[in-house]
Amino acid sequence: MGVPEELRRVYRRQGYGLVGAHSAVKTCHWVRRSLNTGGAEHCYKERFYGIPCHRCLQMTPSLGRCLQSCVFCWRATPGDLGVDWDQTRFPEEEAEEPDAIVEGCIEAHRRALSGFGGNPRVPEAMLEEARHPIHAAISLEGEPTLYPRLGDLVEAFYEHGFRSVFIVTNGLRPDVLAVLSREPSQLYVSVCAPDEETYRRTCRPLVPDGWSRLMETLDLLGSFSCPTVLRHTLVPKLNMADPAGYARLAERANATYLEPKAAMAVGFARRRFGYKDMAWHSEIRAFAEALAAESGYRILDEQPLSSIVLLSRLEKPKKLY
């Protein structure tokens, strides 16, 4: 069964550009901000890794589908809407062709940018570049590893002229990652708890063995040739504790980077925690310092506007552009 119309209606209302039966794009806040400031303000991906923010396309091939229901997730879940739909399944026969998804995403992305035409604050040359994205973030919503042809989708982006592709996963499909036919430029795994009890309370897995699946994924990361990242989305009084526990997971994964980041009370997340529950950047920085002391990773950079800090054992982050 495809994505229920009740969910699709909510996504349209939230500004998602729906593509085919199960994909979507959305022009992120930082793309808009970069265009409106002529590139003066941009996201952490540009600051840390050199990716031109205004040329980033953010998408999902697995709209509405996930194996977790995290406290801080902004998406509308079937449970939020009282819809009877199994969001953990993605029948292979429902998977659309990767080329069609990429082409549909580029078209929807361009439609979303059309409103910037004629804006005196937006340089025409920069807008024209934005219409031709070269970075794909497979991270918008849902769990990408549920899409049965994820490796082919990464390949399709490269074949359409994209120079870099990020995958952001919750790590609950190590079986998919183990046989991924094409690696991304960088692989993110969301690790939002230092132990199983905190994981169950924070990430609320929809499968009984979520933590063991995540640990299997961490054990796999050393087999990837691309840089790997552990993303820690943090909420005080929920999962922003025990830096030594997070350090042990970093050691287990031997990840290239660690990225502690403040969870944002946006979208449907506001039903579960509010602005007063969010971490200030100073708190994220302090947590990163404690994590560095426990793990041997060094703080390389930070982006206060996004409340995120970058740690690595490298001397400096690898620029992708």
Side-chain angles (χ1 to χ4, degrees), residues 1-29 32 57-96 101 104-105 108-109 111-112 137-148 150 153 167-173 176 190 192-193 199-210 213-214 231 233-235 238-239 261-278:
M1 177 184 173
V3 182
E5 182 55 34
E6 295 94 327
L7 275 174
R8 295 174 70 86
R9 195 158 45 239
V10 169
Y11 289 126
R12 289 191 199 98
R13 200 160 58 235
Q14 292 179 332
Y16 289 75
L18 304 189
V19 176
H22 56 71
S23 301
V25 298
K26 188 175 183 182
T27 306
C28 97
H29 162 80
R32 299 193 298 272
L57 182 152
Q58 184 179 222
M59 63 83 63
T60 176
S62 49
L63 188 70
R65 292 178 164 96
C66 197
L67 296 169
Q68 296 182 162
S69 184
C70 298
V71 169
F72 46 74
C73 183
W74 62 84
R75 69 190 183 93
T77 68
D80 289 325
L81 303 178
V83 176
D84 184 17
W85 183 60
D86 185 357
Q87 66 181 50
T88 66
R89 294 183 62 252
F90 197 140
E92 191 161 354
E93 64 272 14
E94 294 184 13
E96 295 182 337
I101 292 173
C105 285
H109 181 72
R111 282 198 302 271
I138 308 178
S139 64
L140 173 62
E141 193 273 352
E143 172 50 45
T145 57
L146 290 175
Y147 172 62
L150 183 58
L153 181 64
I167 290 176
V168 181
T169 174
N170 60 28
L172 268 58
R173 289 298 304 270
V176 172
S190 295
C192 301
Y199 168 75
R200 290 190 176 278
R201 188 172 65 249
T202 302
C203 300
R204 304 189 301 180
L206 303 176
V207 292
D209 57 343
R213 291 189 190 198
L214 177 58
R231 161 64 61 80
T233 304
L234 300 171
V235 180
L238 179 65
N239 64 341
K261 185 182 189 302
M264 299 293 158
V266 296
F268 278 75
R270 287 177 293 180
R271 297 187 176 193
R272 294 176 289 275
F273 79 107
Y275 293 110
K276 63 178 178 15
D277 301 312
M278 290 168 48

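Every side-chain contact (heavy atoms from CB on, under 4.5 Å) that Glu93 has, sequence neighbours left out, goes to Pro91. For Val10, the side-chain contact (heavy atoms from CB on, under 4.5 Å) partners two or more places apart in sequence, or in a different chain, are Arg13, Gln14, Ala76, Leu81, Phe268. Partners of Arg111 according to the salt bridge (Lys or Arg N to Asp or Glu O under 4.0 Å) rule, which considers only residues two or more places apart in sequence or in another chain, are Glu107. Arg12 pairs by the salt bridge (Lys or Arg N to Asp or Glu O under 4.0 Å) definition with Glu5, not counting sequence neighbours. With sequence neighbours excluded, the residues that form a side-chain contact (heavy atoms from CB on, under 4.5 Å) with Val25 are Leu57, Met59, Cys105, Ala108. Applying the side-chain contact (heavy atoms from CB on, under 4.5 Å) rule to Pro78 yields the partners Leu7, Val83, Trp85, Gln87; only residues at least two apart in sequence or on another chain are considered.
Residues Val71 and Val235 are not in side-chain contact: their nearest non-hydrogen atoms beyond the backbone lie 4.5 Å or more apart. Side-chain contact check for Val3 versus Arg65: some heavy-atom pair is nearer than 4.5 Å. Contact annotation: the side chain of Asn170 never approaches that of Cys203 to less than 4.5 Å [non-hydrogen atoms, C-beta and beyond]. Here the side chains of Tyr147 and Ile101 are in contact, with some heavy-atom distance below 4.5 Å.
When only modelled atom types and interatomic distance are considered, Tyr11 and Glu141 share a side-chain donor-acceptor pair under 3.5 Å.
The minimum heavy-atom distance between Cys66 and Arg75, with the atom names listed, is CB-NH2, 3.1 Å.
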Might you work through the side-chain contact (heavy atoms from CB on, under 4.5 Å) test for Leu140 and Tyr16, ending with a clear yes or no?
CA-CA 10 Å; Leu140 173 62; Tyr16 289 75; 3.6 Å; yes
